[in-house]
Amino acid sequence: MKTFDVVQGSPEWIKLRMNIPTASELDALISPTLKIRTGEGPQTYLYQKLCCAVTGIPPDDFQSFAMGQGSILEHEAIPWFEFAHD
């Protein structure tokens with residue numbers, strides 16, 4: 001596994017994620033029961049990754065409510081997690 005020292009959500013982070021499947025996007029390819037998905041979902045995902053690779057332009061930025069809450073609460077959660085897990 002490769003790791004990169006970039007800020008989550010930064011332009012560098014977006015560029016790194018643009019052309020590769022990421023863990024947070026694997027649900028487009030694999031179901032929760034680990035079956036390979038078929039139909040339009042995987043095809044759409046493939047087209048999106050292909051377009052990003054060809055154009056060099058990232059997809060539109062989307063943020064769900066849960067993602068927004070996670071970003072807001074992350075600064076509080078990190079010190080608590082570090083304290084709780086030494």
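Just the heavy atoms: all of them, side chains too, but no hydrogens, waters or symmetry mates, feed the values below.
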Q. Considering residues, nucleotides and ligands other than E40, do more than 12 of their heavy atoms fall under 6.0 Å from its CD?
A. no

I14 and P58 have their tightest heavy-atom pair at CG2-CB, 3.5 Å

Between R37 and P32, the two heavy atoms sitting closest are NH2-CD, 3.5 Å

Partner of P42 under side-chain contact (heavy atoms from CB on, under 4.5 Å), picked from I30, I36, L29, is L29

Contacts satisfying side-chain hydrogen bond (donor to acceptor under 3.5 Å, both in side chains) that involve residues 6-16 (not counting sequence neighbours) are S10-E12

So side-chain hydrogen bond (donor to acceptor under 3.5 Å, both in side chains) across residues 48-59, not counting sequence neighbours, yields E25-K49

In terms of heavy-atom contacts, Y45 and T22 come closest through OH-N, 3.8 Å

Determine all donor-acceptor pairs shorter than 3.5 Å in which one atom belongs to a side chain in residues 75-86; sequence neighbours excluded.
none

In terms of heavy-atom contacts, L26 and P21 come closest through CD2-CB, 4.4 Å

